[in-house]
Amino acid sequence: MGVGGIFAIFLLFATFVDAEFTFTNSLRTLEIFLDRRLVLRHTRDLPAVEVGNGIAKYKEKFGDFDISDHISERISLTDYRVNDDLGDNVLEITFADHSNSIQVTLQFSSASTGQNTIRITNVHGTLNRLWLKITADADEHVYGGGEQFSHFNMRGYRYPIWTREQGVGRNKSTIITKLADLIRNAGGDYHTTYWPQATFVSDKLYYAHLEYSAYCVLDFSASGYHELELWENVSQMVIHMGTASTWEDLVGKLTSFFGRQPAPPKWLNNGAVIGLQGGSDRVISIHNSLRKQGVDISAVWIQDWSGKLMTSLGKRVYWNWRWNPEFYPDLKRHIKKFRDEYNVRFLSYINPHVINGSEMFQEADNNGYFIKSKSTGKTQLVDFGEMFCGTIDLTNPNAFEWYKQVVKDMLSFGFAGWMADFGGEYLPVDDTMYFDGTHAVEMHNLYSEMWARLNKEAVEEEGKMNDTFVFMRSGFGRSPGHTMTSWAGDQNVDFSYADGLASVIPAALSLGMSGMGIHHSDIGGYVSLICMVRTEELVLRWAEMNVFTPIMRTHEGNRPYRNWQIYTMDTTTESFARLTSLYHRLSPYHSFVAEETASKGIPAQRPLFLHYSDDPTTYDIQYQYMYGPDILVAPVLFEDKHDWSVYLPPDQWVYLWNGTEVVVPRSRDGTGMSVTVNAEMGNPPVFYRKGSPWSKLFQTFAKDEVKPGRTPEGLSLKLLLKEPNIFLFLLLRKMFWYVFFNV
């Protein structure tokens, strides 16, 4: 049966047996429903599909992209015809312009598994742009988009799906972002991220995942619809959708579609992963000192195991992924000793790029394992900031297996995991040629997904999934099914909301609602520029938050010798030791939460509305989170704070640090209330549910309340004598930061 445009003078309603897509077709309007949810409405005045042509420019420098598009035409496809004679659970709609010379056919299909797809089955005409409108309510909330650092609820904003560096500052109104843009065009913006993902969930309780690897945009700026904007080969578009009756069921279905993350190894719960560098003598000395002062340690992470390289950006790792025996003599013996005597593992570092001039570069180059320059046919060298590297071509099966063996060799050496850094962020598109012929624009995003798959396969094939900790920052598409754990990347060493401590909370929540449920961040941040340096307060505030996350891990940062470390002063180490013991004490709960994520797909750090969906206030909270089903965390996000306001949904709550009970009744509109609590450094505002089966464990924390009086260490004679470099930069920060750069 064919029904088209103005000739549809009757109402047609079709319901597919055991399916979720339904449609109505009247004189002026075509509507598509998914499990009774209106997802697409087409009228002549507001057509659901528009197409066109454009020319895009991608300008890359150090992983930051300046992307522009010149649209030569945008055409509304106002006419349509419906074909429902394709069998059960399949419907096709062809949208066309007035002349019928340009056509796009969308196929709607449903499977008995509950999976529903919208795909393009035919494109008639020369087109490389497409806009598809998904119907929305004006007050609808949407979440996801991969890892989003600025906005958890994405309504009102556009989100380009393009893997890149997140930027420094990420707020165009701040001086630090403007300086980063001026110096290296590296300031970023609210949407820039290492892990963009064209996945979103709606408070109408449906999810949508756009399967499309070229550049696209999730545009939530309109009040009546969400618009998907696709560039390049639009005929490849596939949208996967699903519905549920509860939030838990919805994320369960989404993660079932992608595949779920395994629970991290339980040895991580023994204490903090300590990031150290500088060679065997320094690493062992600091480790021994920390242990002596009571720090619970699960692993030592040495990112510079392959050697070091000094650049203007600071000390960098030498990207030749083999043990450097001069820098780390007797490393194998130390790895065995630490595991046998201390139950402490060693972790390493790797990424898919290899520095020019190294032994590994020569081997890979000789075998044709690198991505190539289209113009020369030779290895394409990418500038990573005073480092020129080749990138492994993961579309080459031989290169993929060779590099997988490089990863396996780290396990054979004795490492219990590694940071699997980078992905597609730095991959240029203008002069790039892949082994399998995939266009560079289509591979740029997809590369991060392939890099995750390589790492997971290496661990699986060695039979060490339950004992290996691999953490990644970059992702895309179906990465949640291939990534073991994620981390937030390179935040600034500050309290800023756009790129500091606060930003990792919406990052964890958005990634969790995109299907990636195990997340953590560098304690203290990473990026230090000019006089933007760590304070003791920042390190300890970040650490106290990470007690209530799946993984507690430190990083010395990109300029370790000017930034406060957990070992800078004895008082810092003592405070940090207390926090590691608290994290260790939570081991049974950490394991419970991780197993829940692995079995049900519910993220470890989750939005409040996931458990309190009837409370409308919870849908706009992005700087608090539930850790598992029973702990509510509201981290302190400003300096020099001794109390903090916490929003509590209707329930019976207990303040973790002193056992005070707070009963929050349900108001007429279903909301809870805010309370102000003591939040001395070391006492992050944390509540637990009174009826929790873990109450006995949580009650043991009441004796650990920090009393008023502990003020952060800062400029002092003691610091000047012990760490003059840190003293100098803290002095510069005090003189200039608050005047010019505070955000």
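Values below: all heavy atoms of this structure, side chains included; hydrogens, waters and symmetry mates excluded. In this text the structure is predicted, and so the values were computed from the model without any measurement. All residue numbers in this chain count up from 1 along the given sequence.
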For N89 and S109, run side chain to side chain donor-acceptor pair (under 3.5 Å): C-alpha distance rounded to whole Å, both residues' side-chain angles, the deciding distance at 0.1 Å, then the answer. CA-CA 5 Å; N89 309 333; S109 61; over 6 Å; no
Verify the ring-centre separation between F21 and F108: is it less than 6.0 angstrom? yes
According to salt bridge (Lys or Arg N to Asp or Glu O under 4.0 Å), does anything in residues 141-162 pair up with another residue at least two apart or in another chain? List the pairs. R158-D219, R158-E229
Apply side chain to side chain donor-acceptor pair (under 3.5 Å) to residues R170 and S150 and explain how you reach the verdict. CA-CA 8 Å; R170 303 185 66 259; S150 294; 3.0 Å; yes
K59, NZ: over 12 other non-hydrogen atoms inside 6.0 angstrom: no
Checking E20 against T243 for the side chain to side chain donor-acceptor pair (under 3.5 Å) test, could you report, in this order, the C-alpha distance in whole Å, the side-chain angles of both residues, the deciding distance, and whether it holds? CA-CA 9 Å; E20 294 188 86; T243 65; 2.7 Å; yes
With a 4.5 Å limit on heavy-atom distance, are the side chains of L632 and L608 in contact? yes
Report yes if the distance between the aromatic ring centroids of F200 and Y159 is under 6.0 Å, otherwise no. no
Identify, with sequence neighbours excluded, every residue that meets side-chain hydrogen bond (donor to acceptor under 3.5 Å, both in side chains) alongside Y58. E232
Check whether Y194 forms a cation-pi arrangement with R164 (NZ or CZ under 6.0 Å from the six-membered ring centre, at most 45° off the ring normal). no
Polar contact flag, side-chain donor to acceptor under 3.5 angstrom, E50-S76: yes
Who pairs with H482 by ring-ring contact (aromatic ring centres under 6.0 Å, His included), at least two apart in sequence or on another chain? none
For residues 208-218, pull every pair meeting side chain to side chain donor-acceptor pair (under 3.5 Å), keeping only residues two or more places apart or in separate chains. T199-H209, E211-H240, E211-R478
Verify whether the ring centers belonging to H444 and F65 lie closer than 6.0 Å. yes
Ring centres under 6.0 Å, that's the criterion: do H141 and F220 meet it? no
Any chance the side chains of Y647 and D615 put a donor and an acceptor closer than 3.5 Å? yes
Decide if atom NZ of K600 counts as having more than 12 heavy atoms of other residues, nucleotides or ligands within a radius under 6.0 Å. no
Assess the pair H151 and Y190: is the distance between their ring centroids shorter than 6.0 Å? yes
What do you reckon, are the aromatic ring centroids of Y497 and Y623 less than 6.0 Å apart? yes
Sequence neighbours left out, what passes ring-ring contact (aromatic ring centres under 6.0 Å, His included) with W542? Give chain and number order. none
One should read off an interatomic distance between Q605 CD and I518 CD1, to the nearest 0.5 angstrom, of 9.0 Å
Between D69 and K57, does at least one N-O distance fall below 4.0 Å, as a salt bridge requires? no
Strictly below 4.0 Å, N to O, side chains only: are R473 and E165 in salt-bridge contact? yes
Closer than 3.5 angstrom, by distance alone: can the side chain of N171 be matched with the main-chain N or O of S173 as a donor-acceptor pair? yes
Mind checking what makes side-chain hydrogen bond (donor to acceptor under 3.5 Å, both in side chains) contact with D499, not counting sequence neighbours? Q166, N492
